[in-house]
Amino acid sequence: METFNIPATPSLMKEFLRQMGGTAVIDGGLATELELHGADLNDPLWSAKCLLTSPHLIRSVHLDYLEAGADIIITASYQATIQGFEAKGFSREQSENLLKKSVDIALEARRMYYERCSKSSSGGTGDGRILKNRPILVAASVGSYGAYLADGSEYSGCYGEAMTVNALKEFHRRRVQVLAEAGPDIIAFETVPNKIEAQAFAELLDEEHIKVPAWLTFNSKDGVNVVSGDSLLQCASIAESCKQVVAVGINCTPPRFIHDLILAIKKVTTKPIVIYPNSGERYDADRKEWVENTGVSDEDFVSYVNKWCEIGASLVGGCCRTTPNTIKAIYRALSDRSPAAPGQKSKTAT
């Protein structure tokens, strides 16, 4: 089986994208897929609850996304925090081990996928699965402080005056250290809703000498600013100034806003742009559920993808309420793009 040498340095993402022919596919929504597999996520830990109760379901969802064409899988640690586990009665050591477990599960899924690829000679099994030996990255998810609160405040960014950059650093510090030590390829700081948390993440990477590269993705509800009302340009500039941040972009945002957000980010960053919107459905933070029939179909979602890449996105996937079918459609849309540059493998090469 072919091995892929992608150094864990600030050049990681550019080297990865070079090997991928310029664009790569990120996986899709985790929580809704876990629920489809039978998981009960009615808990402040949300998808991280499965680290306790059903890690095999997390592995199955990772494999579903890899077989749908995802080149990057994101761990089930978005809402996994040491503070959240300790509130459930776990010790500090147990809490840290659960964080590590989220990375271990994703690494195991990647190994299993490569084994399936090695047993397949056709790049697929005839049942629609994509089995192609290619570089695959494991991204360790770090959700915002608002995600830990489990009250929907990652969709408002309103943390109150008591929550400062230093307080946010102390909240996230050990979590980031543990996830970095667990051996992911990249750390995904996701759904960052305001400027102070972006600053906290950038300073943590520097202060703790985190060797694992990272990306920062923000969310927006107006297509102009991040959800708190802070300037997207200022937030993306923080990411641009941090050398350990190897990509910057947008997640968990309706698809209709993405075009203008990419153009805005391009004004302040030279780093690859990462985009993984939600399905466009509206989240009701009071009822803690997605409002049905407020999103776009997979066909409409994917119709945006080539345009996003034409104007600057390099990494595209889905967030909440997107599925392996969404990701497979993105994979096909990107595979249909122009061939890779001379000397590089095309995405459609077997």
Side-chain angles (χ1 to χ4, degrees), residues 6-18 20 22-24 26 72 74 137 139-145 154 157 164-166 168-169 172-173 176 180 184-220 222-253 257-277 308-317 319:
I6 300 175
T9 67
S11 63
L12 169 136
M13 190 57 74
K14 289 182 178 176
E15 174 59 22
F16 173 67
L17 288 169
R18 187 192 68 77
M20 299 305 293
T23 56
I26 305 168
I72 301 174
I74 302 175
L137 300 183
S141 173
V142 175
S144 67
Y145 174 71
E154 72 261 49
T164 62
V165 170
N166 283 335
L168 285 167
K169 283 194 293 188
H172 288 293
R173 188 179 304 274
V176 172
D185 301 295
I186 194 165
I187 298 172
F189 294 106
E190 305 184 281
T191 327
V192 182
N194 53 39
K195 187 169 65 174
I196 61 167
E197 196 149 27
Q199 189 67 45
F201 287 142
E203 290 183 15
L204 263 186
L205 289 170
D206 184 48
E207 289 173 8
E208 297 302 321
H209 307 290
I210 301 297
K211 296 290 189 285
V212 181
W215 78 47
L216 255 68
T217 53
F218 303 92
N219 57 338
S220 173
D222 62 5
V224 178
N225 298 309
V226 299
V227 292
S228 65
D230 289 343
S231 161
L232 173 63
L233 294 178
Q234 290 181 2
C235 289
S237 294
I238 291 168
E240 170 68 11
S241 66
C242 179
K243 73 176 173 53
Q244 279 303 104
V245 172
V246 297
V248 58
I250 299 291
N251 78 298
C252 212
T253 294
F257 293 141
I258 298 298
H259 182 278
D260 288 349
L261 293 168
I262 292 172
L263 294 178
I265 291 170
K266 277 179 67 176
K267 293 177 181 176
V268 294
T269 189
T270 58
K271 301 177 194 278
I273 294 176
V274 50
I275 296 295
Y276 49 118
W308 292 339
C309 291
E310 285 169 14
I311 63 170
S314 301
L315 303 113
V316 181
C319 202

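It should be emphasised that the depicted structure is a prediction, and the values quoted were computed from it without experimental measurement.
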S.K.: Testing Val192, Val226, Ile265, Val248 one by one against Cys235 for a side-chain contact (heavy atoms from CB on, under 4.5 Å), which residue passes?
M.R.: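 The residue from Val192, Val226, Ile265, Val248 that satisfies side-chain contact (heavy atoms from CB on, under 4.5 Å) with Cys235 turns out to be Val226.
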
S.K.: Please report the interatomic distance CG(Leu204) to CD(Glu197), rounded to the nearest 0.5 Å.
M.R.: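 That separation rounds to 10.0 Å.
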
S.K.: Lys271: which residues meet the salt bridge (Lys or Arg N to Asp or Glu O under 4.0 Å) condition with it, sequence neighbours left out?
M.R.: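 So Lys271 forms no salt bridge (Lys or Arg N to Asp or Glu O under 4.0 Å) with any residue.
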
S.K.: Could you tell me whether the side chain of Ile262 reaches within less than 4.5 Å of the side chain of Lys266, counting heavy atoms only?
M.R.: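 Yes; the side chains approach each other to less than 4.5 Å.
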
S.K.: Going by atom types alone, do Glu154 and Ser144 pair a side-chain donor with an acceptor below 3.5 Å?
M.R.: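 No, because no side-chain N or O of Glu154 sits under 3.5 Å from a partner of the opposite role on Ser144.
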
S.K.: Atom CD1 in Ile187, atom CZ in Phe201: separation rounded to 0.5 Å?
M.R.: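 Between atom CD1 of Ile187 and atom CZ of Phe201 there are 10.0 Å.
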
S.K.: Of Asn251, Ile26, Thr217, Ile258, which meets side-chain contact (heavy atoms from CB on, under 4.5 Å) against Ile275?
M.R.: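 Checked Asn251, Ile26, Thr217, Ile258 against Ile275; only one passes side-chain contact (heavy atoms from CB on, under 4.5 Å): Ile258.
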
S.K.: Do the side-chain N and O atoms of Thr164 and Asn166 include a donor-acceptor pair separated by under 3.5 angstrom?
M.R.: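 Asn166 and Thr164 do not have a side-chain donor-acceptor pair below 3.5 Å.
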
S.K.: Can you list the residues that meet the side chain to side chain donor-acceptor pair (under 3.5 Å) rule with Glu208, with sequence neighbours excluded?
M.R.: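 Scan of Glu208 (side chain to side chain donor-acceptor pair (under 3.5 Å), adjacent residues dropped) gives Arg173, Gln177.
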
S.K.: I'd like to check the side chain to side chain donor-acceptor pair (under 3.5 Å) partners of Asp185; sequence neighbours left out, ordered by chain and number.
M.R.: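 Partners of Asp185 by the side chain to side chain donor-acceptor pair (under 3.5 Å) criterion, ordered by chain and then number, come out as Arg110.
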
S.K.: Is there a side-chain contact between Pro277 and Trp308, using heavy atoms and a 4.5 Å cut-off?
M.R.: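 Heavy-atom side-chain distance check passes, below 4.5 Å.
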
S.K.: Within the structure provided, determine whether Leu315 and Met13 are in side-chain contact (heavy-atom separation under 4.5 Å).
M.R.: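 A side-chain contact under 4.5 Å exists here.
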
